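As the structure is a computational prediction, the values presented were derived from the model and not from experiment.
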Amino acid sequence: MDAVNPLTEAAEAIIEAGGETLKACYQCGLCTATCPWNLVRSFLTRRIIHESQIGLLELEGEDVWLCATCGSCVERCPRGVEIIDIFTAIRRIGTQWGVIPKALKTAIGGIGTLGNPWGEAREGRADWAKDLGVKAFAPGTELLYYPCCTPAYDRRARRIAVATVGILKKAGVDFGILGPEETCCGESVRKVGEEDLFRNLAQANIEAFKGHGVQKILVSSPHCYHTFRNEYPDLGGDFDVVHVTQFLAELMGEGRVRPTKSYPKKVAYHDPCYLGRHNRVYEEPRAVLQGIPELELIELPDSREDSLCCGGGGGRIWMETKKEERFSDIRIQQALEIGAEVLAICCPYCMLNLDDSLATMEKENVLEIRDISEIVNEVI
Amino acid sequence: MERRIGVYVCHCGLNIAATVDVKAVAEFAASLRGVVVARDYMFMCSDPGQELIASDIKEQGLNRIVVASCSPLLHERTFRRMCGEAGINPYLLEMANIREHCSWVHDDGATEKAKELVQAAVMRVYHHEPLEPMEVAVNPNILVVGGGIAGIQAALDIASAGYKVYLVEREPSIGGHMIQLDKTFPTLDCSACILTPKMSDVGSHPNIELLTYSEIEDVSGYIGNFKATIRRKARFVDEDTCTGCGNCAEACRLRGRIPNEFDMGLGMRGAIYTAFPQAVPNVPIVDPQHCLMLAKGKCGRGPKCVEACEQKAIDFEQKEGSMELDVGSIILATGYQEFDPSVIGQYGYGRYDNVITGLEFERLSSAAGPTGGQIQLKNGEPPKSVAIIHCVGSRDKNFHEYCSRVCCMFGLKCAHLIKEKTDAEVYQMYIDMRCFGEGYEEFYERLSTDEDIKFIRGKPAQVTDRAVTEEERGKLIVSVEDTLLGRLIRVPVDMVILCSALEPRADAERVAQILSIGRRQDGFFMERHVKLDPIRTHTDGIFIAGCCEGPKDIPDTVAQAKAAASEVLSILAQGRVEIEPIVAFVDEEICTGCGLCEKMCPYGTLSLAEPEGVMAVNQALCKGCGACTGICPSGAISLSHFTYRELLDEVEALSG
């Protein structure tokens with residue numbers, strides 16, 4: 001193999017695109033050892049950062065598109081390197097050069113033209129609510145319910161939106177939806193490096209929300225939660241954002257939601273990366289489950305800050321992951337090993353991935369995947 | 001008196017002259033009121049530079065000097081001394097900083113700014129009055145706080161120079177952490193063997209008064225004249241009558257029932273105990289929390305220790321005491337504490353039996369330790385494999401950003417001792433190998449070639465007992481990327497040693513407040529200058545040495561202890577201390593004794609003088625901060641060298 005010269009322009013480009021903390025990396029390898037990919041294959045997080053440091057990164061490989069932005073590495077890095085930002089920066093350069101996996105291209109294209117990654121019609125964004133008697137959000141409505149593209153369009157994840165609406169109505173909450181007037185939140189769009197599209201989506205949403213006088217937004221997806229709460233304010237959109245589990249904890253505390261039926265099952269709660277590690281919300285979902293009569297809450301190994309990613313973040317929900325390389329398989333295995341009857345989740349991506357794993361592992365008769373909103377809706 | 005001011009503008013090579021037109025500044029200065037001569041020169045601080053000023057003073061009858069050059073922190077002392085030698089009072093000098101405050105921070109406008117700074121200095125120096133430094137006597141006694149190797153060495157050096165030292169140590173015995181260690185790198189000297197002779201010297205030295213099981217409560221005063229209040233905790237044993245025979249500890253009903261702190265909880269003791277056999281003083285203490293007599297009021301039919309003691313030295317009525325010491329200087333040598341790695345959940349310390357810290361390993365390996373020097377697992381078996389993890393809590397933004405300096409060598413030493421005493425396989429997980437000292441790199445080389453130690457460059461993510469293969473069953477698995485191979489590996493071992501960080505002691509803040517010294521950002525005590533003045537603090541007369549100043553090995557600790565002793569002895573050799581005369585003074589005609597200045601003063605220098613009813617300044621304590629002058633409603637209190645008149649003139653010059 002020929003010796004190569006380091007390419008300073010390449011390194012500088014990554015730094016300028018948002019990866020400046022790569023300079024702090026002292027190559028200890030903790031990120032690699034923490035990364036869930038290494039449970040199923042070899043993925044050298046550390047090496048990608050060093051390749052970026054000296055400008056010898058291969059953009060064409062699949063590696064830079066593997067990161068699910070779960071944040072386990074960022075949580076532990078002793079030098080405070082913002083590893084997710086570095087991958088985002090690399091992907092920004094990748095998308096600029098058109099070096100982007102085909103599956104992502106399709107999803108991004110869909111979001112750009114149709115406002116959702118599933119190739120479905122923009123106008124159908126509120127179809128899931130057709131027969132539920134949900135009103136359109138108007139100025140003065142207290143709460144905007146923003147279901148996320150996945151529950152809005154996906155056949156399975158739809159259950160989340162339906163259950164949530166069920167709870168809101170029973171609790172007498174004043175809420176409305178925007179349907180086609182809103183578009184994809186753009187959280188994963190930014191993570192795959194499509195910064196311009198992300199800003200356009202955010203602008204569109206912010207205008208729509210402000211135009212309708214939205215002040216408080218209820219979300220089902222931790223990804224929407226993350227971007228509305230942490231990224232939209234910089235772009236002029238400052239709203240009061242609350243995740244369904246936080247809202248339920250509040251409602252249960254106030255007595256507006258009162259579980260009357262019992263749920264006598266062993267339930268394991270899976271912390272989603274974007275609610276847990278990224279936003280430090282660990283207790284409310286557990287409080288909600290513990291407030292349900294006869295529900296036995298058990299802890300998975302690798303929970304809270306150590307939660308094992310389902311593999312859906314960073315745009316990976318739109319990509320195909322080989323059957324032997326799914327860490328959601330390991331999560332199902334863990335749930336089975338502790339004797340869980342139900343695996344409680346509160347993220348649409350987690351639902352899709354864990355559901356897939358459950359099916360491929362043929363364990364549907366042993367374990368159920370349920371969104372927390374489904375469980376609560378069943379018992380009130 | 002007519003002012004005859006000389007202004008000297010320094011080029012400082014190109015440092016100033018490259019950005020500031022020094023000739024123009026000198027020309028401008030010559031036009032100012034009172035200026036009789038204005039010159040520019042290459043290097044004002046050099047001998048010919050100083051000679052230039054000195055001869056002008058003599059030949060031109062100058063009585064005020066302005067030097068426009070670098071920061072006064074560097075050469076104010078130089079120029080003051082030169083003034084004194086040339087025949088004028090050293091305080092008739094003013095400096096204008098046209099380097100750090102001008103040429104080094106500006107491109108455009110530097111010359112204009114330099115002119116303004118010089119004008120301000122000229123207007124200020126106009127009002128300077130001659131001042132005489134005060135001399136205060138120095139109490140020849142010294143207080144050393146902390147009886148580890150640093151405190152011991154400092155105390156011995158000062159005592160052998162003929163001066164009296166009070167050595168205050170919070171534990172019942174001196175020895176610190178060093179006496180807990182087994183062998184020390186790189187010579188593999190037995191720690192106790194090299195330390196106990198010094199401990200013994202301390203115990204028997206006529207000039208050292210050893211106050212163990214004692215703590216400092218309060219310190220007041222100033223250099224040469226400190227008053228320290230020492231709290232003497234109750235041992236419940238008379239130090240003078242006890243012979244150290246140990247019969248009491250043997251007889252104690254709770255013998256072997258209480259975890260021994262000295263052994264890091266790995267060994268046991270009774271309620272009356274001596275922490276380790278070579279303790280100095282060799283006098284036990286009674287643990288009031290566990291002792292049945294002290295906690296419950298009765299011990300069976302009678303305390304067995306009292307029965308066993310021929311000297312009748314045990315006294316359950318003994319009370320805590322207090323002592324006041326008058327000393328001239330204080331050396332702080334309070335050492336470090338080991339970082340508690342239970343906060344790093346992924347390493348399993350506290351959850352898994354066989355994950356241990358550095359000091360715990362030292363106790364296992366020590367011949368006088370809880371296992372008689374056998375390196376063994378919790379179940380008593382020797383380990384067949386050991387992983388040593390570097391940088392636990394160090395070099396980590398989540399805990400301590402700094403490097404703890406000694407752990408790489410400690411890790412190597414551990415590896416060697418394990419190889420010597422067991423057949424275990426040893427793995428070192430490191431990020432860098434820091435072997436900087438004398439004999440350190442050679443030790444590393446010798447170890448690599450003579451022994452079979454597996455070096456893995458990578459910081460482990462996890463220590464877990466969740467086995468994935470048959471080989472891993474029943475083991476602790478260290479999950480780490482071997483960065484040199486570019487592969488994630490899982491290393492199954494029996495025992496994991498965590499090279500835990502050295503951190504500031506938990507009560508460092510309280511101690512710093514008692515002594516009015518500062519702490520660095522990393523929490524260790526602050527030295528005056530990290531390169532050139534690592535022993536003095538910002539409080540005159542208080543010195544720091546050893547790990548309380550930052551993590552370091554034994555050679556560096558000893559060197560610092562000796563340096564602290566030298567600082568102290570230098571003061572003692574003079575017998576007196578010069579106090580800078582920039583202090584507050586009260587105009588008794590105007591002062592009404594309202595006391596606002598006293599409330600303002602952070603140093604406690606002001607008090608109401610009866611029967612005059614005016615405020616009095618303890619000029620030796622006064623640091624010249626000027627806070628009192630700010631608050632005085634009648635302008636009765638002023639600061640020498642910084643009077644209102646000259647400060648207002650200076651401001652006028654700067655505001656154009």
If one checks every heavy atom of A:Glu305 against chain B at 4.5 Å, the contacting part turns out to be neither
Which bit of B:Arg490 comes within less than 4.5 Å of chain A, counting heavy atoms only: side chain, backbone, both or neither? neither
Which class fits the ring pair B:Phe455 and B:Tyr430: parallel under 30°, tilted 30 to 60°, perpendicular over 60°? perpendicular
Given the ring of B:Tyr402, does B:Arg520 sit roughly above its face, with NZ or CZ under 6.0 Å from the centre of the six-membered ring and within 45° of the axis? no
How close do A:Tyr269 and A:Leu297 get, counting heavy atoms only, and between which atoms? CB-CD1, 4.0 Å
Please identify, among B:Gln346, B:Glu481, B:Gln462, the residue contributing the most non-hydrogen atom pairs under 4.5 Å to chain A. B:Glu481
For the residue pair B:Gln180 and B:Glu362, confirm or rule out a side-chain donor-acceptor distance under 3.5 Å. no
Parallel, tilted or perpendicular for B:Tyr440 and B:Phe436, by the 30°/60° rule? perpendicular
Okay, A:Tyr26 and chain B: the region with an atom under 4.5 Å from a heavy atom over there is both
Given a strict heavy-atom distance threshold of 4.5 Å, which part of A:Cys31 is in contact with chain B: side chain, backbone, both, or neither? neither
Turns out that what part of A:Arg76 lies under 4.5 Å from chain B's heavy atoms comes down to both
